[in-house]
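See below for the structure under consideration.
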Amino acid sequence: MKNKIFTLVFLLTSCFMAHAQYAFYFNDNIPVVVNGDTLVMPWAGGLNCPQFSAIDLNGDGIKDLFVFDRDAGKVITFINSGIPGQISYRYAPQYQIKFPQGMQYWTLLADYNCDGKADIYTYNIQVGGAGITLYRNDYDNITGLHFTLVTSTIRTIWNTQNENLYVSPVNLPTMVDMDGDGDVDICSFDTQGNIIYYHQNMSLEDWGTCDSIDFKTQISCWGNCGTNSNANCFELNQQCRLDPYQMDTTVDRMKHSGGSLLALELNGNGTKSMIVGDVVSSTSCAIFNGGTPTAANIDSQDCHYPRLDTPIYIHTFPACFYVDVNNDGVRDLICAPNASGVSENTNGVWYFKNAGNESIPDFKFQTDAFLQNQMIEVGQNSMPVFVDIDGDGLKDLIIGNYGYYDTTGIYQCGLSYYRNTGTATQPAFTLITRDFAGLMQYHLNQGACATFGDIDGDGKPDMIVSDTGGISGGWIAFFKNNSATGYPMTFDNPVRTYQNIACAGYSTPQLIDVDRDGKLDLLIGNIFGKLSYYHNDGTLTNPVFNLVTANFGGVHVKQYSTGYSIPFMFDSAGSYRLMVGSERGAIYYYSNIDGNLGGNFTLLDSVFNYNSMNTFDGTRVAVFGADIDGDGKMDLITGNQLGGVNIYVTRNYSNTNSSNNIQPIAYVFPNPSANTFSIKVIGVNLSIEGLRIYDLLGQEVENIPATSTSNEITFDSRHLADGMYFGTVSLNTNQTVTVKIIVQH
């Protein structure tokens with residue numbers, strides 16, 4: 001379906017006001033504080049099973065960070081400020097749309113044609129699959145970052161036969177120059193995940209250049225080794241033949257598929273060794289190459305690598321990546337889960353700083369929440385709502401989730417409460433608790449989604465929470481608010497099976513007066529992608545919810561067999577509109593609701609790309625809206641399968657840059673900084689006329705006029721105290737752009 005109404009540049013011609021157009025823009029300038037620390041990228045959207053590669057996204061010569069998360073099939077991009085010796089990434093979603101859409105399972109970057117630009121190797125989703133698709137990075141100074149398909153299926157010569165170079169959707173290959181000749185070779189597991197195939201790139205040998213797709217499977221048992229039944233360890237000194245099934249049959253092989261490979265130097269002898277993860281293991285195994293670059297021989301191993309520091313321990317199927325993340329010129333080790341839904345989803349990305357060099361690395365453990373500790377992260381399936389919890393008139397943030405994974409395989413679900421500690425026009429959020437209302441003690445069954453409203457007529461909002469019951473179905477729980485009006489919410493013990501409302505699996509409720517009779521009704525989404533409508537047949541003080549239909553409005557957002565619908569109905573200039581989050585990551589947008597409650601609503605749009613940068617926020621998206629900045633227009637927040645949130649504020653569309661109808665984007669670099677900052681604004685014919693800097697209390701601390709006609713301005717921050725500030729950049733187009741500045745001496 002074409003982008004008709006809704007691409008979160010969401011051109012609502014009459015949705016919010018009768019004669020105005022509005023667009024939603026991603027806003028990473030709303031501060032979030034957790035445990036006293038201001039998060040650098042709170043709205044980046046979470047991580048579950050990320051895969052890391054280095055790439056220069058913006059052509060400044062600095063390696064930025066590309067992340068592909070297996071759990072959501074999502075590209076996530078971070079710009080690197082390049083501060084020597086520091087991790088200095090900022091979330092930069094505008095680059096995500098530059099990458100091919102629809103990539104699945106795994107995506108890794110390496111320079112295949114020796115032009116200095118990182119190219120894309122990704123799982124082949126074409127008919128037959130289980131292989132590699134290659135895209136070339138054709139970045140240029142005019143069009144910026146863009147990619148061209150080179151081949152949908154990389155082939156290899158196997159014993160004179162031209163065959164698909166096999167990589168399963170479960171496994172992770174490694175792309176690196178194994179033999180030292182300058183072109184990129186590929187190593188991958190066999191179909192059963194037992195032995196490592198070495199696919200030599202013959203491009204330089206046969207053609208004298210790097211850019212030919214010319215592979216030959218030289219060794220079907222690289223390093224003379226293979227996995228065994230002892231989880232992640234290897235059998236060494238195996239007899240290698242071209243046919244892998246002619247290997248030593250006395251070895252107790254694992255007969256499974258699921259392994260990750262990372263080739264790198266480990267022992268200083270000029271050969272590539274491997275760090276290997278396995279689907280049945282929590283640890284990573286380093287296998288050391290005592291042979292030569294062209295004749296590998298694994299002669300030792302460490303099944304709890306790195307044994308001399310903190311060994312990698314990720315509950316299921318670790319995978320490791322080699323990227324210089326702290327700008328010291330030496331690549332570091334990042335390890336993360338490679339199995340969707342069965343491993344750590346909050347503290348799961350391990351960062352080991354390389355205190356050695358690239359010939360003999362020395363990996364020192366730094367954190368088990370790399371990047372995750374700088375963003376809102378609630379595990380899996382975040383479901384956010386805005387509501388005034390403490391009675392101060394400001395919209396606070398409550399985030400439900402499917403759960404935090406623990407090593408017993410149980411998801412502990414709850415509600416996170418972020419109090420709005422800002423003002424009516426400049427929101428800011430501080431984490432108060434990850435267990436709002438003590439929900440975890442009730443052990444709700446796989447998922448908690450909250451909705452608020454006064455359903456008993458006492459003038460105070462109550463809470464209803466889904467007790468999803470997983471696939472099989474569940475109930476909803478009622479929490480009565482006992483606080484005095486204008487005071488923080490306090491609740492009775494919940495009524496766990498409230499009014500015996502039995503829901504389909506993964507229920508997601510919303511309280512709203514559907515038929516406008518003055519009483520709140522219930523909409524409930526579910527795993528099947530439909531909406532159930534429960535009408536309140538009771539009174540203002542004694543609600544009675546009865547099922548009217550399990551197919552409200554004909555809404556059906558099923559992708560395959562499931563849909564995971566999450567409703568958000570709202571009033572727009574006297575008419576109801578309905579947004580429905582879904583498993584596929586689209587937000588479905590409906591009208592024709594009033595006066596048509598028993599009919600089918602009009603679907604205005606159902607697209608993946610629903611925001612101003614046409615990025616994809618992730619699968620199982622949830623959406624909620626409220627005016628959080630006091631401009632009289634609704635802002636949006638989205639949750640997703642990765643457990644994070646993205647936030648979008650509304651701007652008057654007619655006030656955007658007239659030359660291209662796109663709100664200018666401002667970059668701050670380096671950020672954080674101790675000495676000087678530069679701010680650059682991107683847009684057609686834009687120049688900066690001045691900069692005002694404010695502290696978190698809204699007090700102006702700097703007023704800096706521009707000294708030349710330029711789209712960049714630099715200022716000295718040495719006299720400013722450590723902390724977060726906001727900068728308002730005035731432009732020659734009478735527009736302003738707000739940026740977040742972090743001073744850190």
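Just so you know, these numbers come straight off a predicted model, no measurement behind them.
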- Query: Can you check whether L47's main-chain N or O pairs, donor with acceptor, with Q372's side chain at less than 3.5 Å?
  - Reply: yes
- Task: Decide whether N338 and R70 meet the rule of one side-chain donor and one side-chain acceptor closer than 3.5 Å.
- Result: yes
- Query: Any luck finding a side-chain donor-acceptor pair between D617 and T638 under 3.5 Å?
  - Reply: yes
- Task: May I have the step-by-step check of side-chain contact (heavy atoms from CB on, under 4.5 Å) for T107 and Y123, ending in yes or no?
- Result: CA-CA 7 Å; T107 300; Y123 176 74; over 6 Å; no
- Message: Closer than 3.5 angstrom, by distance alone: can the side chain of Q441 be matched with the main-chain N or O of G438 as a donor-acceptor pair?
- Response: yes
- Hey, are T316 and S343 close enough side-chain-wise for a donor-acceptor pair under 3.5 Å? no
- Message: Parallel, tilted or perpendicular, judged at 30° and 60°: which one describes the rings of F429 and W43?
- Response: perpendicular
- Query: Roughly how far apart are S591 OG and N596 CG, rounded to 0.5 Å?
  - Reply: 9.5 Å
- Query: What are the two closest non-hydrogen atoms of L531 and P567, and how far apart are they?
  - Reply: CD2-CB, 3.9 Å
- Between CD on residue Q96 and CZ on residue F78, distance to nearest 0.5 Å: 8.0 Å
- Query: Ignoring hydrogens and geometry, is there a side-chain-to-backbone donor-acceptor pair from S565 to N526 under 3.5 Å?
  - Reply: yes
- CA sep, side-chain torsions, deciding dist, call: V349, E344, side-chain contact (heavy atoms from CB on, under 4.5 Å): CA-CA 9 Å; V349 184; E344 286 87 343; over 6 Å; no
- Message: I want to check something: taking the side chain as every heavy atom from C-beta on, are M569 and L523 in contact at a cut-off of under 4.5 Å?
- Response: yes
- Task: Compute both the distance and the angle, then confirm whether R516 meets the cation-pi test with Y576: under 6.0 Å from the six-membered ring centre, within 45 degrees of the axis.
- Result: yes
- Message: Any side-chain to backbone donor/acceptor pair from D635 onto I628? Under 3.5 Å, distance only.
- Response: yes
- Query: Heavy atoms, side chains only, cut-off 4.5 Å: are Y588 and V555 in contact?
  - Reply: no
- Between the main-chain N or O of G414 and the side-chain N or O of N401, is there a donor-acceptor pair closer than 3.5 Å? yes
- Closest approach of L397 and P384, non-hydrogen atoms and distance? CD1-CB, 4.0 Å
- Task: Give me the one residue out of D456, D492, D454 that meets salt bridge (Lys or Arg N to Asp or Glu O under 4.0 Å) with K480.
- Result: D456
- The reported gap from OH in Y417 to CG in D390 (rounded to nearest 0.5 angstrom) is 4.0 Å
- Compute whether any side-chain donor of one residue and acceptor of the other, for T346 and E377, lie under 3.5 angstrom apart. no
- Message: Determine whether the aromatic ring centres of residues F99 and F68 are separated by less than 6.0 angstrom.
- Response: no
- Item | side-chain hydrogen bond (donor to acceptor under 3.5 Å, both in side chains) assessment of T619 paired with E583 | CA-CA 5 Å; T619 50; E583 180 174 24; over 6 Å; no
- Item | Nearest non-hydrogen partners of L431 and S416, listed with the distance | CD1-CB, 4.5 Å
- Message: With a 4.0 Å cut-off on N to O distance, would you call K395 and D627 a salt bridge?
- Response: no
- Message: Using modelled atom types and a 3.5 Å cut-off, is there a donor and acceptor pairing between side-chain atoms of Q499 and backbone atoms of P543?
- Response: yes
- Task: Start with the C-alpha gap between Y498 and I464, add the side-chain angles, then the distance that decides, and say whether side-chain contact (heavy atoms from CB on, under 4.5 Å) holds.
- Result: CA-CA 9 Å; Y498 182 58; I464 282 180; 4.2 Å; yes
- Message: Looking at every non-hydrogen atom in both residues, tell me the closest pair between A72 and G618 and how far apart they are.
- Response: CB-CA, 4.3 Å
- Between D537 and N546, a side-chain donor and acceptor under 3.5 Å: yes
- Message: To check you understand the geometry: which heavy-atom pair defines the closest contact between G625 and L636, and what is its length?
- Response: CA-CD2, 3.7 Å
- Message: Check for me whether the distance between the ring centres of Y564 and F528 falls short of 6.0 Å.
- Response: no
- What's the spacing between K74 NZ and D69 CG if we round to 0.5 Å? 8.5 Å
- Do side-chain atoms of T497 reach the backbone of N500 as a donor and acceptor pair under 3.5 angstrom? no
- Query: Which heavy atom of N592 sits nearest a heavy atom of N600, and at what distance?
  - Reply: ND2-O, 3.9 Å
- Message: Does any part of the side chain of D515, heavy atoms only, come nearer than 4.5 Å to the side chain of D521, both counted from C-beta?
- Response: yes
- Query: Would you say the ring centroid of F545 lies under 6.0 angstrom from that of Y534?
  - Reply: no
- Task: Please tell me if the side chains of N493 and Y442 come closer than 4.5 Å, counting only heavy atoms from C-beta onward.
- Result: yes
- Message: Testing the 3.5 Å rule here: is there a donor-acceptor pair between the side chains of N481 and S483?
- Response: yes
- Message: Quick one: does any side-chain atom of Q510 pair with a main-chain N or O of I524 as donor and acceptor, under 3.5 Å?
- Response: no
- Message: Less than 4.5 Å apart, side chain to side chain, heavy atoms only: is that true for I566 and M383?
- Response: yes
- Measuring from N542:CG to K519:NZ, what's the distance to the nearest 0.5 Å? 10.5 Å
- Per side chain to side chain contact (heavy atoms under 4.5 Å, CB included), L522 is matched among I455, L511, V514, V548 by L511
- Using the six-membered ring wherever Trp is involved, compare the ring planes of F452 and F436 and label them parallel, tilted or perpendicular (cut-offs 30° and 60°). tilted
- Note on the structure: Output for pair (Q641 CD, D71 CG), nearest 0.5 Å, gives 4.5 Å
- Message: Is the shortest side-chain heavy-atom distance between P494 and V465 below 4.5 Å?
- Response: no
- For the pair Y91 and F26, evaluate ring-ring contact (aromatic ring centres under 6.0 Å, His included) and give the outcome as yes or no after the intermediate values. CA-CA 11 Å; Y91 180 48; F26 176 74; 5.4 Å; yes
- Message: Counting the benzene-type ring for Trp, do F601 and F552 have ring centres under 6.0 Å apart?
- Response: yes
- Item | N/O donor-acceptor pair under 3.5 Å between S382 side chain and G644 backbone | yes
- Query: Hey, does I376 have a side-chain heavy atom less than 4.5 Å from the side chain of I399?
  - Reply: yes
- Task: Determine yes or no for a side-chain-to-main-chain donor-acceptor pair under 3.5 angstrom, with T77 supplying the side chain and A92 the backbone.
- Result: yes
- Which is it for V33 and T421 under the side-chain contact (heavy atoms from CB on, under 4.5 Å) test, yes or no, and what are the steps along the way? CA-CA 10 Å; V33 176; T421 51; over 6 Å; no
- Message: Can you confirm whether C503 sits close enough to I476 that some side-chain heavy atom of one is under 4.5 Å from a side-chain heavy atom of the other?
- Response: yes
- Task: Report yes or no: do Q51 and Y105 form a side-chain donor-acceptor pair below 3.5 Å?
- Result: no
- Message: Tell me which one of V32, N27, N420 satisfies side chain to side chain contact (heavy atoms under 4.5 Å, CB included) with P427.
- Response: N420
